[in-house]
Structures are given as C-alpha cells and as structure tokens.
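Following: one structure in structure tokens, then a few remarks.
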Amino acid sequence: MDGPFAWYLAGQLHDAAAGRAVERIDVAPGRWQANVMLMHCAGQVLQRVHARGKWLIFDFAHGVTWLCCLVGRAKWVVRSPVNDAASGAMPSGYSPTFATPTIRPRGRAKRPAAAMRPGLLEIHFREAGSLQLFGRPLLFTLPIDLAMKHPELTALGPDVAAETFDLEDALYRIRQNPQKTAAAALLDQHIVSGLGNALKCQTLFAARLPPGQKLHSLYASELSRLVAHARAAGQDALLALRQGQPIRYAVYDRLGEPCPACGADIQADRSGVDGRWTWHCPVCQRLPETPGLFG
Ligand SMILES: [Zn+2]
C-alpha cells in the first residue's frame, strides 16, 4: 500500500472513531495470538488515528499505541449500525464503501465480498459501530513513548504524503546510497517514505529517469528533481483520494499501451533491480548519452 492510501485511510478511521470509548475488542478464535496489551485497550478512548509512511497509528487515551501496516490483502473496515442494516446477505456488516483502497491491475476481478474471511479483530465502540481488521497486517501494541521510538518509524525518511516535507533531508539520505538504482531508492522507506511500486513508476516517469539509473551517475539537479517528483506524486495521489477521484498513473500497469508523452509502447521489466516490476517508457526514460560526473 502506498503511503497516501495510509494517510487517506487514517483520516477516514479518525473521523469514524476518534474520541469514542471502546466497549470490547473481539479477536477471531484460532486466528490471532491475543495480545494482553491489545485486549487492555477495551474501556479506553481511541484518541487519534494518524499515519506515517505506510503505517497507521492508533493512539489510545491510556498511553497505548497500535502500529499497523496493511500488507497484502489486509484492510480496515468501518462498521456502523447503518451499514449493518444495509449489508443484507453480506458477511457481518462488511462494507466495501469503507474498505482500504487497493491498487489492482486492470482486468483482474475484485474479490467478491462474500469470499472475505472473518475479521482478524474487531473494535466495538460503546455507543455503536465498530472497526474491523481483515487479513494479515503487521500490528504492534506499544506504550506511546516507545511507539514513537520504534525503529520502523524513526528510520523513515521524509514522508511524501505529509503536510511538510524536508527536501534537504531526503537529498542527504539519497546521497548516502550512491550505488542504489533510482527505482530502489524510491522504494527505500529510509530515503523517502510512502512510495509503493505504483508511485515509484509514476515518479520515475515524471522525472524522465530509467529505473536502473544508478544514483551516483546523476547530477545534483537531477537528484533534486527526482525527490521533488516523488513528493509531488505522493501529494497528487492523496489529493485524488480525498476528492474521490481515481489516481491517474501515466505508465504503471499499462504494458503495451502508448506512452502519454511520446506514444511509444510502455514496457515492464525488472531493470530497476529493486525486486519489483517497473513500468516505464523506453523513449522518454532513456539512459543519457553521456555519463554523469562520476559515471
Ligand atoms: Zn514516452
């Protein structure tokens, strides 16, 4: 999940549940090693849901924080009495309206709601409604002071979806990885946080850089441009989500389609050496003729 989805989802969860007292937390039998700290959040007020990078952060009033990273098919679903009444034959209150947005290659059918397995856990609120967690997410329960010092959070680079973004810090971090490819650097959450594979492809296309371009061969101005485009891709994606618009990817998942800039066929390969496929335009994102300063 790209960071902007986490930020958007955190906003949705915060609006639905912040300030509400937890009545109980149900854990699916046989599917979850119930954590004592997690269960102790019953009776407490969920104060805030926010995001950093790809992490969702749930702060409870008694100083306990959950860190949750949605991986794979994991998702949070908001249940309310209204959703229950409208759910009909769907499994207990599953509401696709509030499901975590996912990036799905075109042509692949959405998994039907009826096929959803029971939730991993469900937070019931005192007045009404609940939040349900599905799938196999990463989930840590920690005292709030330790949560903010958790290595998963402290090591994160500047966040492309956050309101403020330290460009100099991102450049400082990128210069410490001269041997990385541009694609690998964008996915490295310690350099800039919040980019997944789709926004990585979007950023590389906007910066007109081939995925396999090594950072040491780029001029300072090109590095600045790369980071600025990463930031812009994150902000554009978050804005689209908040406006209910689809995120428009120029090349991601568009194998064989014409490049929006030059009309050449979009290619997909593993030239980014980042363990993922990269969609790119072989014309617009061609390697430069002359090597960079240290190339
Ligand atoms: Zn092109």
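First listed ligand is number 1; within each ligand, the first listed atom is number 1.
- Between A147 and L142, the closest heavy-atom pair is CA-CD1, 3.8 Å.
- Counting all heavy atoms, side chain and backbone alike, E122 lies closest to Q132 at OE1-NE2, 3.5 Å.
- For the pair R208 and F205, the distance from NZ or CZ to the six-membered ring centre is under 6.0 Å and the angle to the ring normal is within 45 degrees.
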Taking only distance into account, with no hydrogens and no angle test, what donor-acceptor pairs under 3.5 Å do side-chain atoms of residues 164-172 form with protein atoms, sequence neighbours excluded?
from, atom 1, to, atom 2, distance (Å)
D166, OD1, E168, N, 3.2
D166, OD1, D169, N, 3.0
D169, OD1, R173, NE, 3.2
D169, OD2, R173, NE, 3.3
Y172, OH, Q176, NE2, 3.4

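- Residue pairs meeting the salt bridge (Lys or Arg N to Asp or Glu O under 4.0 Å) criterion with at least one member in residues 263-274, sequence neighbours excluded: K200-D274.
- Evaluation of the ring pair (Phe, Tyr, Trp, His ring centres under 6.0 Å) rule for F140 yields W55, H150 as partners, not counting sequence neighbours.
- Around the Zn ion (ligand 1), protein N, O or S atoms at a distance under 2.8 Å total 4; waters are neither shown nor counted.
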